[in-house]
Each structure stands twice: as structure tokens, then as C-alpha cells.
**Student:** 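Mind looking over this structure? Questions follow.
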Amino acid sequence: MRILSGIQPTGAYHIGNYLGAIRHWVKLQEDNECFFFIADLHALTQPQDPKILRNSTIEKAIELVALGLDPARSTIFVQSQIKEPTELAWILSTIVPVGELERMTQYKEKSKKKGKESANMGLLNYPVLQAADILLYKTEGVPIGKDQVQHLELSRNLAKRFNQKFGDTFPVPKAMVPSLEMGAKILSLQDPKRKMSKSDPPDSQLGMLEDPDSIRRKIANAVTDSGKQIVFNPAEKPGISNLLVIFSLFSEQSIKEVEKKFQKKGYAPFKKALGELLVEKLEPFRKKYEELKRRELYIQEILRQGQKKAQSTAQNTMEEVREKIGLLSF
Ligand code: ADP
Ligand code: TRP
């Protein structure tokens with residue numbers, strides 16, 4: 001299957017990004033044709049300092065390789081280094097009703113903060129560029145966390161609409177969302193009603209590269225629910241259920257097994273054990289990251305190779321699209 005997914009270069013990747021998305025990418029690359037990219041153009045919908053953006057784009061490539069993406073198996077590249085998605089996004093924007101974009105949850109939330117008058121056009125257009133990313137590479141499967149499902153629905157609609165108008169061109173891409181137990185929505189450590197997010201305060205998220213003391217402290221301070229029992233019940237005990245999912249995924253034991261293990265113990269010993277587990281499981285990632293950090297030229301070479309491969313696929317699709325919709329091709 002042809003698989004593609006993207007991730008923004010802002011903020012350090014947290015265990016939600018890893019458990020909900022990146023971990024699945026690492027598995028998928030074993031027997032699929034995979035494209036993974038750093039979505040720097042999407043990041044521009046929020047104000048960015050140019051120097052910081054440039055550094056963090058490279059930094060995120062280092063992190064992705066440290067977390068397990070393998071350049072020999074996957075095409076790893078930076079979104080803005082391929083011009084075609086912005087061209088296709090323009091074309092797709094002519095077949096999407098504005099109302100459909102205004103109903104997107106992410107747009108509603110982000111534009112509410114500023115008011116519709118000053119929210120930038122990129123926020124509204126965000127899912128159209130995302131659809132262009134997906135369709136341009138004739139993607140069949142898109143591994144994402146739960147928060148991106150609505151954007152994927154739009155990509156599917158646009159693929160169908162384009163195919164209907166201009167003839168079969170794009171496969172209709174499938175969202176590949178893990179179950180809650182498999183990490184689709186890891187919650188904030190401080191407010192377990194919300195998802196863990198890079199844009200929230202540091203104590204609410206656990207970075208994949210944090211040092212042991214910080215890991216222990218954040219887990220010890222994680223907000224839990226009233227009561228004493230360690231049981232998986234996302235509706236009534238979102239805090240403990242979230243920690244159970246994290247424990248289960250990093251220890252590769254089922255939630256049932258973890259519940260059983262801590263049946264007669266209180267929250268404190270459970271959190272202590274989780275802190276130690278995370279310290280142990282995250283250490284190899286930190287080591288790999290430190291090693292790669294010293295090899296920036298190698299990372300640049302990975303991105304250059306990725307750009308080459310992605311570009312040739314993108315150019316082929318774009319030629320086909322131009323031909324189908326009646327743009328000149330000489
Ligand atoms: P964030 O929302 O933290 O800024 P991104 O929007 O860049 O992260 O998301 C990158 C990938 O990680 C997406 O596939 C997204 O669905 C997934 N993801 C983000 N937050 C979580 C979370 N808390 N739990 C599970 N998956 C998540
Ligand atoms: N919007 C996605 C996010 O914030 C990133 C992204 C951009 C993406 N283009 C994509 C994800 C294409 C999947 C497919 O997480």
C-alpha cells in the first residue's frame with residue numbers, strides 16, 4: 001500500500017505524537033511504500049520566527065530518524081521542498097465550498113481565538129493543502145491520530161469530487177486511526193479531558209526526549225481521578241485510563257494485564273512504576289538522538305534524497321492533473 005503522513009515541525013514531539021502516529025509509521029514502513037514529511041508550510045499558519053523554524057525543521061528530521069523512521073525504507077522529506085502541493089492546493093480550492101472549510105473543528109477553534117476578521121486565510125485553507133499533500137502522492141492510507149480524521153474526510157471528498165468531474169485520477173485515501181487503547185488520543189497530563197498537545201504548557205505533555213528527572217516528576221504530578229482503583233474507564237476515570245494506556249503501550253502488555261498487576265496497589269506506586277518504565281523505554285531514543293545530532297550532514301543527505309524521490313512522484317501526478325483539467329502542458 002502507498003502510505004503517507006506528515007507532522008509539523010513546531011514543539012518537541014511528545015508521547016501522544018509517538019503513540020498515536022510515529023510508532024505506527026515505524027511499523028508500516030516494514031511492508032509498505034511510505035512517504036513521511038515535515039509539514040513546515042502548515043506550521044506557517046501560526047506566527048514563526050524564521051531562524052527557529054529553519055532549525056526546528058532539521059531538528060525534527062533528526063527526531064523522526066531517532067524515533068525509528070528508516071531512510072532506507074521510507075521517503076523522508078520536507079513539505080516545502082516540493083512545489084507541486086501548493087499548485088494542486090489551488091486547483092482543489094476551486095472545487096471546495098467555503099462552507100465546508102468553515103465547519104472544520106480546527107479552523108473554528110483557531111479562528112475563534114483571533115476572530116474571523118483577523119484569522120489568516122491559511123487557517124481556512126489548511127485542510128485543502130493537506131488534501132493536496134495526500135492526493136498528489138496517490139496515497140492509499142494515511143496513519144494519523146484521531147484529531148486529524150475530519151481533515152482526512154475532506155481529502156476523501158475532494159478525491160471523489162475531482163474524479164467525478166475530470167475522470168479517475170486519485171485513489172480515495174483511507175484514514176488509519178489506531179483504537180483508543182492503541183494510542184489514538186493520549187490525553188494531557190494536567191487536564192485529562194483534553195488531548196496532549198505540543199502547543200499546551202510543558203507540564204501537560206511528556207516529550208520523547210526528556211531527561212529522567214523530568215519524566216519522573218511529570219508522571220508523579222499527573223492529574224488523576226478521585227477514588228483509588230486502577231481500572232480502565234475512560235468516561236469516569238480519564239486520568240488513570242490515560243496512564244494505563246501509556247503503561248500498556250510502552251510495556252507491551254495488555255491493559256487487562258496492567259490492571260491486574262496494580263490491582264491492590266494505590267495510585268502512587270502505579271505512577272512510580274510508570275515513571276521508571278518511561279525512563280527505561282525512552283532512553284534508547286535519547287541516545288540515538290544524541291548520536292544523530294552530531295551528524296547533521298547525514299540528516300541533510302536523507303532529506304535531499306527524500307526530496308528527489310518525492311519530487312518525481314509529485315511531478316508525474318501534476319502533469320496528469322494539468323492535462324485532465326485543461327491547462328497547457330508545453
Ligand atoms: P500537536 O497537536 O501536538 O501539535 P500535530 O498536530 O503535529 O501535533 O500531530 C502530529 C500527529 O500526531 C498527527 O497524526 C496527530 O493526529 C498525532 N497526535 C497529536 N497529538 C496526539 C495525541 N495527544 N494522541 C495521539 N495522537 C496525537
Ligand atoms: N495537519 C497534520 C497535523 O497537524 C500534518 C499534515 C499535513 C498531514 N499534511 C498532512 C498529515 C498529510 C497527514 C497527511 O498533524
Side-chain angles (χ1 to χ4, degrees), residues 2-25 28 34-46 56-57 60 63-64 67 69 77-80 82 85-86 88-89 92 104-107 109-110 122-123 125-156 158-159 173-202 204-208 234 238 242 245-246 249 310 314:
R2 185 170 283 181
I3 304 281
L4 169 140
S5 198
I7 189 160
Q8 297 191 44
T10 45
Y13 294 150
H14 52 68
I15 56 173
N17 297 134
Y18 180 71
L19 296 176
I22 301 167
R23 181 175 68 104
H24 303 279
W25 304 356
L28 283 165
C34 290
F35 289 80
F36 298 114
F37 63 90
I38 297 166
D40 54 347
L41 293 175
H42 278 108
L44 292 178
T45 54
Q46 306 291 332
S56 60
T57 301
K60 296 302 126 169
E63 284 183 36
L64 288 177
L67 295 181
L69 287 196
F77 62 104
V78 175
Q79 183 186 32
S80 66
I82 315 291
T86 44
L88 183 60
L92 295 177
M104 294 282 142
T105 311
Q106 181 180 294
Y107 170 72
E109 275 174 10
K110 297 222 158 125
L123 282 176
N125 239 340
Y126 185 109
V128 180
L129 179 60
Q130 184 161 347
D133 288 331
I134 295 169
L135 302 187
L136 191 66
Y137 300 97
K138 300 210 173 190
T139 304
E140 296 164 286
V142 188
I144 40 176
K146 201 159 177 266
D147 58 323
Q148 292 296 319
V149 170
Q150 200 183 29
H151 289 162
L152 206 93
E153 253 337 285
L154 184 90
S155 304
R156 290 168 59 83
L158 284 175
K174 251 197 353 235
M176 303 167 85
V177 186
S179 62
L180 272 187
E181 288 88 337
M182 290 307 273
K185 192 173 178 187
I186 299 297
L187 304 172
S188 155
L189 297 177
Q190 289 301 311
D191 177 5
K193 285 189 203 69
R194 298 161 46 118
K195 74 159 203 150
M196 184 177 287
S197 174
K198 282 190 245 122
S199 39
D200 285 345
S204 67
Q205 38 174 320
L206 186 67
M208 286 300 291
N242 190 40
V245 169
I246 298 171
L249 293 176

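Hydrogens, waters and symmetry mates are skipped; everything else that's a heavy atom, side chains included, is used. For ligands, and for the atoms within them, numbers begin at 1 and follow the listed sequence.
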**Student:** Pick whichever of Ile15, Ile7, Leu187, Asn17 has a heavy atom sitting closest to atom 8 (O) of ligand 1.
**Tutor:**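 Among Ile15, Ile7, Leu187, Asn17, the closest heavy atom to atom 8 (O) of ligand 1 belongs to Asn17.
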**Student:** Could you tell me if any non-hydrogen atom of Ala184 lies under 4.0 Å from any atom of ligand 1?
**Tutor:**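 Yes, that is the case, since the closest heavy atom of the residue is under 4.0 Å from the ligand.
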**Student:** So which atom in Ile82 and which in Ala310 form the shortest heavy-atom distance, rounded to 0.1 Å?
**Tutor:** CD1-CB, 3.8 Å
**Student:** Specify the protein heavy atom at minimum distance from atom 9 (N) of ligand 2: its residue, its atom name, and the distance to 0.1 Å.
**Tutor:**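 The answer is Asp133 OD2, 2.8 Å.
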**Student:** List every atom of ligand 2 that sits less than 4.0 Å from any heavy atom of Phe37, numbering the atoms from 1 in the order shown and giving each element.
**Tutor:**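 Under 4.0 Å from Phe37, ligand 2 has these atoms: 9 (N), 10 (C), 12 (C).
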**Student:** Heavy-atom contacts with Gln148 under 4.0 Å: which atoms of ligand 1 show up? List them by number with element.
**Tutor:**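 Atoms satisfying the 4.0 Å criterion: 16 (O).
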**Student:** Does ligand 1 come near enough to Lys195 that some N or O of the ligand is less than 3.5 Å from an N or O of the residue?
**Tutor:**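 So ligand 1 has an N or O lying under 3.5 Å from an N or O of Lys195.
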**Student:** Go through Leu187 and Arg194 one step at a time and tell me if the side chain to side chain contact (heavy atoms under 4.5 Å, CB included) criterion holds.
**Tutor:** CA-CA 6 Å; Leu187 304 172; Arg194 298 161 46 118; over 6 Å; no
**Student:** Given His42 and Gln79, is the side chain to side chain donor-acceptor pair (under 3.5 Å) satisfied, shown in steps?
**Tutor:** CA-CA 9 Å; His42 278 108; Gln79 183 186 32; 3.2 Å; yes
**Student:** Does Gly16, backbone or side chain, put an N or O under 3.5 Å from an N or O of ligand 1?
**Tutor:** yes
**Student:** Taking the side chain as C-beta and beyond, is there a heavy-atom pair between Cys34 and Trp25 under 4.5 Å?
**Tutor:**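 No, side chains not in contact.
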**Student:** Any atom of ligand 1 sitting under 4.0 Å from a heavy atom of His14?
**Tutor:** yes
**Student:** Are Lys195 and Asp147 ion-paired here, with the side-chain N under 4.0 Å from a carboxylate O?
**Tutor:** yes
**Student:** Can you find an N/O atom of Gln148 closer than 3.5 Å to an N/O atom of ligand 2?
**Tutor:** yes
**Student:** Determine whether the aromatic ring centres of residues Phe77 and Tyr137 are separated by less than 6.0 angstrom.
**Tutor:** yes
**Student:** Checking a contact table here: which protein heavy atom is nearest atom 1 (N) of ligand 2, and how many Å away?
**Tutor:**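 For this ligand atom, the closest protein heavy atom is Tyr126 OH, 2.8 Å.
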**Student:** Can you list the ligand 1 atoms lying under 4.0 Å from a non-hydrogen atom of Ser197?
**Tutor:** 2 (O), 3 (O)
**Student:** Side chains of Gln205 and Asp200 only: does a donor on one sit below 3.5 Å from an acceptor on the other?
**Tutor:** no
**Student:** Should the pair Asp40-Lys60 be classified as a salt bridge under the 4.0 Å nitrogen-to-oxygen rule?
**Tutor:** no
**Student:** For residues Phe37 and Val78, determine if any side-chain heavy atom of one lies less than 4.5 Å from a side-chain heavy atom of the other.
**Tutor:**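 Heavy-atom side-chain distance check fails, nothing below 4.5 Å.
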**Student:** What atoms of ligand 1 come within less than 4.0 Å of a heavy atom belonging to Gly20?
**Tutor:** 25 (C), 26 (N)
**Student:** Could you check whether Lys198 makes a cation-pi contact with Tyr13, meaning its NZ or CZ is under 6.0 Å from the centre of the six-membered ring and within 45° of the ring axis?
**Tutor:**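 Not flagged: Lys198 not positioned over aromatic ring of Tyr13.
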**Student:** Side chain or backbone, does Ile186 bring an N or O within less than 3.5 Å of an N or O on ligand 1?
**Tutor:**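 Looking only at distances, the answer is yes, because the N/O contact criterion of under 3.5 Å is met.
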**Student:** Would you kindly specify which portion of Ile134 sits under 4.0 Å from ligand 2, judged on non-hydrogen atoms: side chain, backbone, both or neither?
**Tutor:**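 The answer is the side chain of Ile134.
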**Student:** Inspect the surroundings of NZ in Lys146 and state if more than 12 heavy atoms from other residues, nucleotides or ligands are less than 6.0 Å away.
**Tutor:**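 No - once you tally the heavy atoms of other residues, nucleotides and ligands closer than 6.0 Å, there are 12 at most.
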**Student:** Minimum heavy-atom separation for Pro238 and Pro192, please, with both atom names.
**Tutor:**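 Nearest heavy atoms, Pro238 then Pro192: CB-O, 3.4 Å.
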**Student:** Would you tell me which option among Lys198, Gln205, Arg194 has the nearest heavy-atom contact to atom 7 (O) of ligand 1?
**Tutor:** Lys198
**Student:** Taking 4.0 angstrom as the limit and counting only heavy atoms of Ala21, give me the atoms of ligand 1 inside it, by number and element.
**Tutor:** 11 (C), 12 (O), 14 (O)
**Student:** Please state which part of Met196 comes within less than 4.0 Å of ligand 1, counting heavy atoms only: side chain, backbone, both or neither.
**Tutor:**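 For Met196, the contact with ligand 1 is made by both the backbone and the side chain.
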**Student:** Within the 4.0 Å heavy-atom shell around His42, which atoms of ligand 2 are there?
**Tutor:** 7 (C), 9 (N)
**Student:** Just jot down the ligand 2 atoms closer than 4.0 angstrom to any heavy atom of Val142, in number order.
**Tutor:** 13 (C), 14 (C)
**Student:** Give me the atom names and distance for the closest heavy-atom approach of Ser5 to Pro143.
**Tutor:**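 What the structure gives for the nearest pair is OG-O, 2.9 Å.
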**Student:** Looking at atom 14 (O) of ligand 1, what's its closest protein heavy atom, distance included?
**Tutor:** Gly145 N, 3.2 Å
**Student:** Counting non-hydrogen protein atoms only, what is the nearest one to atom 5 (C) of ligand 2? Give residue, atom name and distance.
**Tutor:** Gly6 O, 3.5 Å
**Student:** May I ask you to list the atoms of ligand 2 that are less than 4.0 angstrom from any heavy atom of Leu4?
**Tutor:**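 Near Leu4, the atoms of ligand 2 are 12 (C), 14 (C).
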**Student:** Would you mind running through ligand 1 and noting each atom that sits below 4.0 Å from a heavy atom of Lys185?
**Tutor:**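 Near Lys185, the atoms of ligand 1 are 24 (N), 25 (C).
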**Student:** Less than 3.5 Å between some nitrogen or oxygen of Ser199 and one of ligand 1, yes or no?
**Tutor:**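 It does not: no N or O of Ser199 is found under 3.5 Å from an N or O of ligand 1.
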**Student:** For atom 15 (C) of ligand 1, what's the nearest protein heavy-atom neighbour? Residue, atom name and distance, please.
**Tutor:**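 Nearest neighbour among protein heavy atoms for atom 15 (C) of ligand 1, to 0.1 Å: Asp147 OD1, 3.3 Å.
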**Student:** For atom 8 (C) of ligand 2, find the nearest protein heavy atom and state the residue, atom name and distance (0.1 Å precision).
**Tutor:**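 Checking every protein heavy atom, the shortest distance to atom 8 (C) of ligand 2 gives Gln130 NE2, 3.6 Å.
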**Student:** With a 4.5 Å heavy-atom cut-off, do Leu19 and Val245 have their side chains touching?
**Tutor:** no
**Student:** Give the atoms of ligand 1, by number and element, whose distance to some non-hydrogen atom of Gln8 is under 4.0 Å.
**Tutor:** 7 (O)
**Student:** Where do Val128 and Ala89 come nearest, in terms of heavy atoms and distance?
**Tutor:**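 Heavy-atom minimum between the residues: CG1-O, 3.4 Å.
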**Student:** With the side chain counted from C-beta on, respond yes when Phe35 and Thr139 share a heavy-atom pair under 4.5 Å apart, and no when they do not.
**Tutor:** no
**Student:** Side chain or backbone, does Gln79 bring an N or O within less than 3.5 Å of an N or O on ligand 2?
**Tutor:**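 The answer is no, given that Gln79 and ligand 2 share no N or O pair closer than 3.5 Å.
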